[in-house]
Amino acid sequence: MITDLLLTEEIQDSSVDEMATRYRVSHEPDLWKHRPALLERVSGVRALLVRNMTAVDRELVEAATGLEVVGRIGVGLDNLDLGALAERGVVVCYPPEENAVSVAEHVFALLLSFARHIPAADRGVREGRWDRGSFIGFELAGKTITILGLGRIGYRVAVRARAFGMRVLAYDPYLVAQHSFVTESGAHLVSLDEGLREADVVSCHLPLTRDTRGLLNAERLAWMKPHALLINTSRGPVVDETALQAALEAEQLGGAALDVFEKEPPGHNPLFSLPRVLLTPHIASWTHEALHRVISTVAADVDRVLSGQPARNFANFPTPRRA
Ligand code: NAD
């Protein structure tokens with residue numbers, strides 16, 4: 001079967017249905033799990049649409065001899081070998097901020113759930129207990145939140161945190177104090193050391209890079225206050241999970257709320273048995289609104305590239321570069 005556009009994960013939207021009226025589209029939602037089949041199927045396809053589970057590495061890029069464009073449904077390009085794609089002249093499209101609001105809102109879903117013991121309180125009522133004394137929470141107003149990575153998502157978290165009356169610090173050495181994300185959010189730029197030491201809440205919004213992998217290790221987690229909450233909705237490997245587990249067990253840290261894990265799905269993980277830990281399965285951006293915006297933005301760009309026009313939101317270059 002000749003395929004123009006191959007979808008290797010669960011990706012459904014009216015924009016993809018519309019493309020199927022003009023291109024040969026194949027949706028194989030489990031293909032990312034079957035590496036040999038994946039390598040075979042990519043040969044000859046012009047476009048790939050992937051989320052974060054498909055490893056678009058050098059081997060795959062070399063197998064995809066007719067590839068012109070990869071559409072990454074989501075933010076965070078760490079599952080793509082950008083170097084190999086650039087060498088082959090393949091355009092990489094992604095939606096720069098289509099899911100930023102959803103992720104920022106999820107941070108507050110986690111933060112308020114933690115502050116007010118919502119999961120345990122809900123369970124208690126269902127189980128017939130009327131235990132109010134165990135569920136005395138804390139207010140966000142007046143607390144300090146430190147945002148690691150004041151980018152598109154971090155900025156939106158900062159704005160929402162200010163609306164709750166929080167003091168907002170941010171660690172982002174790539175931003176100057178005049179950047180609109182700083183001035184419009186009212187965040188104060190600080191060092192990592194100061195940000196971790198001062199915070200009641202730390203919310204991580206860093207991309208996964210060589211510099212950020214394992215950034216929150218035992219030494220840095222120890223800088224945090226013993227009541228502080230760490231929220232990670234960025235990428236799992238930014239936090240050393242073993243060090244986090246040890247810090248929580250030693251009560252050096254007040255709690256953790258994680259949407260992302262070192263390994264996904266995480267399988268058995270010692271963090272699951274700890275109290276003061278809130279977990280969600282990488283769903284920070286999974287709202288109806290964001291899912292539609294993300295897919296339709298990327299599909300529109302893939303369509304542009306396939307029809308010879310430049311992409312609007314690209315990570316490398318707007319049109320394929322064939323030797
Ligand atoms: P962004 O690129 O707009 O912002 C990232 C910020 O981090 C930038 O301001 C950059 O200057 C800063 N930064 C980069 N390296 C740094 C370092 N070493 N130290 C400190 N700051 C550094 O990205 P974004 O759209 O805000 O997304 C942030 C991350 O969130 C993504 O990379 C992705 O991994 C993750 N994400 C997760 C979900 C989810 O569903 N959980 C959804 C979307 C994005």
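In each ligand, atom 1 is the first atom listed, and ligand 1 is the first ligand listed.
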A.B. asks: Taking distance alone, with no angle check, do Ile153 and ligand 1 share an N/O pair under 3.5 Å?
C.D. replies: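 Yes: some nitrogen or oxygen of Ile153 is under 3.5 Å from one in ligand 1.
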
A.B. asks: Can Asn99 be said to touch ligand 1, with heavy atoms closer than 4.0 Å?
C.D. replies: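 Contact check Asn99 vs ligand 1: positive.
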
A.B. asks: Does atom CZ (Arg312) have a neighbourhood of more than 12 heavy atoms from anything else shown, all under 6.0 Å?
C.D. replies: no

A.B. asks: Got the closest protein heavy atom to atom 42 (C) of ligand 1, with its distance?
C.D. replies: Val103 CG2, 3.4 Å

A.B. asks: So for Pro173, does at least one of its heavy atoms come nearer than 4.0 angstrom to any atom of ligand 1?
C.D. replies: yes

A.B. asks: Could you tell me if the side chain of Val107 sits less than 4.5 Å from the side chain of His205, heavy atoms only?
C.D. replies: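 Yes, their side chains come closer than 4.5 Å.
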
A.B. asks: Could you check whether any side-chain heavy atom of Phe181 comes within less than 4.5 Å of a side-chain heavy atom of Thr183, counting everything from C-beta outward?
C.D. replies: no

A.B. asks: So does Arg116 have more than 12 non-hydrogen atoms from other groups sitting under 6.0 Å from CZ?
C.D. replies: no

A.B. asks: Could you tell me, atom by atom, which parts of ligand 1 come under 4.0 Å of a heavy atom of Leu150?
C.D. replies: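 Close to Leu150: 9 (O).
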
A.B. asks: Provide the number and element of each atom of ligand 1 under 4.0 Å from a heavy atom of Ser285.
C.D. replies: 40 (O), 42 (C)

A.B. asks: Is Val238 close to Leu148 at the side-chain level, that is, under 4.5 Å between some pair of heavy atoms?
C.D. replies: no

A.B. asks: Pairs of nitrogen or oxygen atoms closer than 3.5 Å, one from Arg152 and one from ligand 1: do any exist?
C.D. replies: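 Min N/O separation from ligand 1 is below 3.5 Å for Arg152.
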
A.B. asks: Check ligand 1 against Tyr174 and write out every atom of the ligand that is under 4.0 Å from a heavy-atom position of the residue.
C.D. replies: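 Under 4.0 Å from Tyr174, ligand 1 has these atoms: 11 (O), 13 (N), 14 (C), 15 (N), 16 (C), 17 (C), 22 (C).
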
A.B. asks: May I ask which of Glu97, His205, Arg210 has a heavy atom nearer to atom 28 (C) of ligand 1 than the others do?
C.D. replies: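 Among Glu97, His205, Arg210, the closest heavy atom to atom 28 (C) of ligand 1 belongs to His205.
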
A.B. asks: State if Leu206 counts as touching ligand 1 under the rule of any non-hydrogen atom under 4.0 Å.
C.D. replies: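 The answer is yes, since Leu206 has a heavy atom less than 4.0 Å from ligand 1.
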
A.B. asks: Should you measure from each heavy atom of Val75, which atoms of ligand 1 turn up under 4.0 Å away?
C.D. replies: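 Taking each heavy atom of Val75 in turn, ligand 1 has 25 (O), 27 (O), 31 (C), 33 (C), 43 (C), 44 (C) under 4.0 Å.
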
A.B. asks: To check you understand the geometry: which heavy-atom pair defines the closest contact between Leu278 and Pro119, and what is its length?
C.D. replies: CD2-CG, 3.4 Å

A.B. asks: Taking all atoms of both residues into account, what is the closest heavy-atom pair of Leu306 and Arg46, and its distance?
C.D. replies: O-NH2, 2.9 Å

A.B. asks: Counting each atom of ligand 1 from 1 as listed, which ones have a heavy atom of Ala284 under 4.0 Å away?
C.D. replies: 39 (C), 40 (O), 41 (N)

A.B. asks: Counting only heavy atoms, tell me which of Asp172, Asp78, Thr233 gets closest to atom 6 (C) of ligand 1.
C.D. replies: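 Minimum heavy-atom distance to atom 6 (C) of ligand 1 goes to Asp172.
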
A.B. asks: Got an N/O contact under 3.5 Å between Asp259 and ligand 1?
C.D. replies: yes

A.B. asks: Identify which of Pro207, Ser234, Gly74 has a heavy atom lying nearest to atom 14 (C) of ligand 1.
C.D. replies: Pro207

A.B. asks: Please indicate whether Glu40 has more than 12 foreign heavy atoms, meaning atoms of other residues, nucleotides or ligands, lying under 6.0 Å from its CD.
C.D. replies: no

A.B. asks: Which atoms of ligand 1 have any heavy atom of Arg235 under 4.0 Å away?
C.D. replies: 33 (C), 34 (O), 35 (C), 36 (N), 37 (C)

A.B. asks: Starting from atom 18 (N) of ligand 1, which protein heavy atom do you reach first, and at what distance in Å?
C.D. replies: Thr212 CG2, 3.5 Å

A.B. asks: Would you say the side chain of Val70 lies within less than 4.5 Å of the side chain of Val91, judging by non-hydrogen atoms?
C.D. replies: no

A.B. asks: If you count the atoms of ligand 1 from 1 in the order shown, which ones are under 4.0 Å from a heavy atom of His282?
C.D. replies: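 Those atoms are 39 (C), 40 (O), 41 (N).
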
A.B. asks: Any side-chain heavy atom of Arg51 sitting closer than 4.5 Å to one from Met53?
C.D. replies: no

A.B. asks: Can you tell which of Gly236, Gly151, Pro281, Cys204 gets a heavy atom nearest to atom 4 (O) of ligand 1?
C.D. replies: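 Nearest heavy atom to atom 4 (O) of ligand 1 lies in Gly151.
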
A.B. asks: Counting heavy atoms not belonging to Arg276, are there more than 12 under 6.0 Å from its CZ?
C.D. replies: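 More than 12 heavy atoms, drawn from other residues, nucleotides or ligands, come within 6.0 Å of this atom.
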
A.B. asks: Are more than 12 heavy atoms from other residues, nucleotides or ligands located less than 6.0 Å from atom CD of Glu139?
C.D. replies: no

